[in-house]
Amino acid sequence: QVQLVESGGGLVQAGGSLRLSCAASGRTFSSYAMGWFRQAPGKEREFVAAISRSGGSTFNADSVKGRFTISRDNAKNTVYLQMNSLKPEDTAVYYCAAAYYSGSYAPQYDYWGQGTQVTVSS
């Protein structure tokens, strides 16, 4: 069992930055690949970024490439999402999730956090 708690969301103007954190507890954090997903009102949950267990491999959704960076610190049991050049369309609840293998498919993730709201004003 893995418990995930996101933090760092908030209100920011377009063009600004935020860094989300996801703290994990429970079973060995480094045993899991991690992902970030988001869900805007009235829309389906969508993939944002993922990182391998070691942190050596990452990939992002096309919509955030060049703006968002996923990273992890296995010593701190934490995964991060650095978000730069934010746009109003990035407004959503952001969720972190844990899986045995990294990917962009939500059902492959076994554990989810409760989400943190990110609102980007124009």
Side-chain angles (χ1 to χ4, degrees):
Q1 192 80 355
V2 176
Q3 293 79 42
L4 302 173
V5 179
E6 302 96 335
S7 61
L11 174 63
V12 64
Q13 289 189 331
S17 298
L18 282 175
R19 188 175 83 154
L20 305 183
S21 299
C22 173
S25 61
R27 298 184 66 179
T28 307
F29 177 68
S30 60
S31 297
Y32 295 92
M34 299 296 296
W36 285 96
F37 291 76
R38 66 186 182 186
Q39 187 166 19
K43 294 187 177 181
E44 293 187 354
R45 190 169 298 190
E46 66 171 350
F47 168 75
V48 176
I51 189 167
S52 63
R53 285 172 277 187
S54 68
S57 176
T58 65
F59 62 102
N60 293 350
D62 288 343
S63 58
V64 304
K65 278 182 181 176
R67 300 189 299 123
F68 291 11
T69 302
I70 188 171
S71 62
R72 68 189 295 163
D73 185 338
N74 285 345
K76 295 183 178 180
N77 287 0
T78 303
V79 62
Y80 305 98
L81 186 68
Q82 178 66 45
M83 305 186 295
N84 299 329
S85 302
L86 282 160
K87 305 175 181 179
E89 51 263 43
D90 294 318
T91 295
V93 177
Y94 283 71
Y95 299 89
C96 70
Y100 286 105
Y101 300 99
S102 62
S104 61
Y105 188 52
Q108 76 183 86
Y109 287 81
D110 299 302
Y111 303 101
W112 292 81
Q114 82 291 347
T116 185
Q117 176 71 47
V118 172
T119 303
V120 185
S121 62
S122 57

Face-on cation placement of R72 at Y32 ring, 6.0 Å and 45° thresholds: no
Where L86 and M83 come nearest, the two heavy atoms and their spacing: CD2-CB, 3.8 Å
Pairwise side-chain contact, W36 with N60, heavy-atom cut-off 4.5 Å (strictly under): no
Disulfide bond (SG atoms under 2.5 Å apart): pairs with one or both residues in residues 89-122, sequence neighbours excluded: C22-C96
Steps toward side chain to side chain contact (heavy atoms under 4.5 Å, CB included) verdict (D110, Y100): CA-CA 8 Å; D110 299 302; Y100 286 105; 3.6 Å; yes
Straight-line distance of N77 CG to Q3 CD, nearest 0.5 Å: 11.5 Å
Validation: residues 13-20 side-chain donor-acceptor distances under 3.5 Å, sequence neighbours left out:
unit_1 : atom_1 : unit_2 : atom_2 : d
S17    : OG     : N84    : OD1    : 2.9

T28 (side chain) donor-acceptor with S30 (main chain) under 3.5 angstrom: no
Side chain to side chain, F68 and V48, heavy atoms closer than 4.5 Å: yes
Sequence-distant partners of R38, salt bridge (charged side-chain N to carboxylate O under 4.0 Å, His left out), two or more places apart: E46, D90
Note, L4 side chain near M34 side chain (heavy atom, < 4.5 Å): yes
Set of residues satisfying side chain to side chain donor-acceptor pair (under 3.5 Å) with respect to S104, sequence neighbours excluded: none
Side chain to side chain, V79 and I51, heavy atoms closer than 4.5 Å: yes
Separation of N74 CG from S54 OG (nearest 0.5 Å): 8.0 Å
Close side-chain approach of R53 and F29, heavy atoms under 4.5 Å: no
Cluster link I70 to Y105, ILVMFWY, side chain under 4.5 Å: no
S52 backbone acceptor or donor facing S102 side chain under 3.5 Å: no
Sidechain-backbone polar pair: T91 side chain, E89 backbone, donor-acceptor under 3.5 Å: no
Step-by-step side chain to side chain contact (heavy atoms under 4.5 Å, CB included) determination, Y94 to Q39: CA-CA 7 Å; Y94 283 71; Q39 187 166 19; over 6 Å; no
With sequence neighbours excluded, residues passing salt bridge (charged side-chain N to carboxylate O under 4.0 Å, His left out) with K43: none
For Y109, the rest of its hydrophobic cluster, which grows through side-chain links under 4.5 angstrom: F37, F47, F59, V93, Y95, W112
Main-chain N/O of V5 paired with Q114 side-chain donor or acceptor, under 3.5 Å: no
Verify same cluster id: L81, V120 (apolar side-chain graph, 4.5 Å): yes
pair T119-V12: side-chain heavy atoms closer than 4.5 Å: no
